[in-house]
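Read through the structure below, which is laid out as structure tokens, and then see the notes.
Both ligands and their constituent atoms are indexed starting at 1 by order of listing. Nothing here was measured: the structure is a model prediction, and the numbers come from that model.
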Amino acid sequence: MCSIIIMARKMLIDGKLGNPNGEEIHYDFDLFVIGAGSGGVRASRFSAQYGAKVGICELPFHPISSEVIGGVGGTCVIRGCVPKKILVYGASFGPELQDARSYGWELNERIDFDWKKLLQKKTEEIVRLTGIYKRLLANAGVKLFEGEGRVVGPNEVEVVQLDGTKISYSAKNILIATGSRAQRVAIPGQELAITSDEALSLEELPKRAVVFGAGYIAVEFASIWRGMGATVDLFFRKELPLRGFDDEMRAVVARNLEGRGIKLHPTTNLTELVRTENGIKVCTDHGEELMADVVLFATGRAPNTKRLNLEAVGVELDKIGAVKVDEYSRTNLPTVWAIGDVTNRMNLTPVALMEGSCFAKTVFGGEPTKPDHTNVPCAVFCIPPLSVVGLSEEQAIEQANGDILVFTSTFNAMKNTISGRQEKTFMKLVVDAETDKVLGASMCGPDAPEIMQGIAIALKCGATKAQFDSTVGIHPSAAEEFVTMRSITRRIAAGKPKTNL
Ligand code: NDP
């Protein structure tokens, strides 16, 4: 490419860069951030507020990402949490309308769902948000560059602009915040499948959807499409969806997905996709064949490091390409740092925000601060949602020195008593028998994420089961069950398999 290389390093006011005489070195920026997603924007704004001179680069905006397309706001805002939640809201109205009939609503006229209208609203919203993020950066005095960034030295970043022009900047510190990218499974016909990027921007709502994988994205999209009326087949290689979550909660989610009409295909792999006149033929390792309008690969995401030139400058990556960092988010090169999904620690937006804040405090706030990855609450926005904080029962058993007490509550949400919907809410508390400390809480049911945020504060404060019990409930609510679970469902003796009381 005939790009002009401009060495736009505004060489030191006094020309002392790299001065071998030990004089102070001046840089274009105190901090240069590659990637303006949630973590990068947070780190750069907070660093600027501490008085740092900050530059940040990000790829141009588009709802569907590629190696050369991204957008200020990053995955969460443009093609992740935000548009996904908009679609979850959209999908939830269908079942709500059904339930409304039992509450006396006569829905006599034909009710249609206009996918294109929702999609347009979704796109308008993410365009609005990307604008807000840009303003946040500008108001904080952070200089934004549109282009692809790469690290060319311990204190040097190169930005390839839209017209191919390359400009390099010196920086005292470099922060990698480039997130992650959806992965495809290598089977014949894999190019016929889409990832969550495209799923959030489909021209047409599929009538027949196949989802491969059973993590967050898989169960969320299965719920979205089912809620909008599609037939959904969910294929995954384990017995239950959502590996890593509490086993009992995983079974509850599986039951709910089936209850909402999603067909589950556990312990099944897709082997081939074939384009036909009637759609995409999906073949499995159980010899099944079915036709689909859309096949979504929700089979995990990989850290976005391929084009950053990191290994060439000596930054260590792990075997899946994630940037290796210490507890302060520093790489093996003292001037290079990394936060968020690109480090593959705990791939959640609020965690990237925390890591960004801690980075700014450590490097520019004069207060070394480690991000705390314990008791991080999270939610899977399947319908109804699952939300958890702290240890699962399995983790508690594995980590505990003594006995574990498990309290559970399963009940028909009050709303269902009138609507007749057959779907139980399930809650669980995992408690250390000796200290009475609540080690973990989980809930699957309406409003679980809204409830769990408050429970997370209690766990962060080290709350005991006795303190939960002495808290007065809010009646009538589902949340009050968390403070009224009096009888032990089971006690698991240290080192023993679990037994039902
Ligand atoms: P997850 O890591 O959650 O799940 C990946 C799924 O893909 C698993 O079911 C896994 O199966 C399956 N899988 C992986 N490789 C293969 C393969 N070769 N063949 C078949 N199946 C395979 O990834 P997601 O893509 O769902 O989400 C990515 C990340 O994004 C998550 O880690 C999460 O942190 C974040 N996220 C968070 C959300 C939220 O907070 N609500 C929403 C969406 C994403 P197996 O279990 O058998 O390994």
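Using a 4.0 Å cut-off between charged nitrogen and carboxylate oxygen, D99 and K415 do not count as a salt-bridge pair. For K324 and D318, the salt-bridge test fails: no basic side-chain N is under 4.0 Å from an acidic carboxylate O. With respect to the salt-bridge test (charged N to carboxylate O, under 4.0 angstrom), the residues K116 and E204 qualify. E311 has no carboxylate O lying under 4.0 Å from a charged side-chain N of R150, or vice versa, which leaves the two without a salt bridge. Ion pair K281/E272 not flagged as a salt bridge, since none of the NZ, NE, NH1 or NH2 atoms sits closer than 4.0 Å to an Asp/Glu carboxylate oxygen. No salt bridge links K122 with E125; every basic N to acidic carboxylate O contact stays at or beyond 4.0 Å.
The atoms of ligand 1 that sit less than 4.0 Å from any heavy atom of K84 are 41 (N), 42 (C). The ligand atoms of ligand 1 that sit less than 4.0 angstrom from a heavy atom of N269 are 19 (N), 20 (C). Contact atoms of ligand 1 toward A298: 5 (C), 6 (C), 7 (O) (distance under 4.0 Å to a heavy atom of the residue). Heavy-atom proximity to E220, at under 4.0 Å, picks out these atoms of ligand 1: 41 (N), 42 (C), 43 (C). Annotation for ligand 1: atoms under 4.0 Å from non-hydrogen atoms of A379 are 39 (C), 40 (O), 41 (N). Near N347, meaning under 4.0 Å from one of its heavy atoms, ligand 1 places the atoms 33 (C), 34 (O), 35 (C).
Side-chain polar atoms of N344 and N347 form a donor-acceptor pair below 3.5 angstrom. Between T299 and R184, the side chains place no donor N or O within less than 3.5 Å of an acceptor N or O (distance only, hydrogens not considered). In this structure, a donor-acceptor pair under 3.5 Å is present between the side chains of S357 and R42.
At a 3.5 angstrom cut-off on N or O pairs, F381 does not count as close to ligand 1. The distance criterion of under 3.5 Å between nitrogen or oxygen atoms is not met by R301 with respect to ligand 1. Close N/O approach between A214 and ligand 1 is found [any backbone or side-chain N/O within under 3.5 Å].
Given atom 26 (O) of ligand 1, the protein heavy atom at minimum distance is I217 N, 2.9 Å. In terms of protein heavy-atom proximity, atom 18 (N) of ligand 1 is closest to R237 NH1, 3.7 Å. Atom 14 (C) of ligand 1 has T299 O, 3.3 Å as its closest protein atom, hydrogens excluded (heavy atom only). Annotation: atom 20 (C) of ligand 1 to nearest protein heavy atom, F212 CZ, 3.4 Å. Protein heavy atom at the shortest distance from atom 38 (C) of ligand 1 is Y216 CD2, 3.2 Å.
Checking C382, G300, G215 against atom 23 (O) of ligand 1, the nearest heavy atom belongs to G300. Looking at M346, R243, E239, it is R243 that brings a heavy atom closest to atom 48 (O) of ligand 1.
Between I451 atom CD1 and M427 atom CE the span is 5.0 Å, to the nearest 0.5 Å.
Relative to the six-membered ring of F407, K465 meets both conditions, a distance below 6.0 Å and an angle of at most 45° to the axis.
Residue contacts with ligand 1 for L348 involve side-chain atoms from C-beta outward but no N, CA, C or O (heavy atoms, distance under 4.0 Å).
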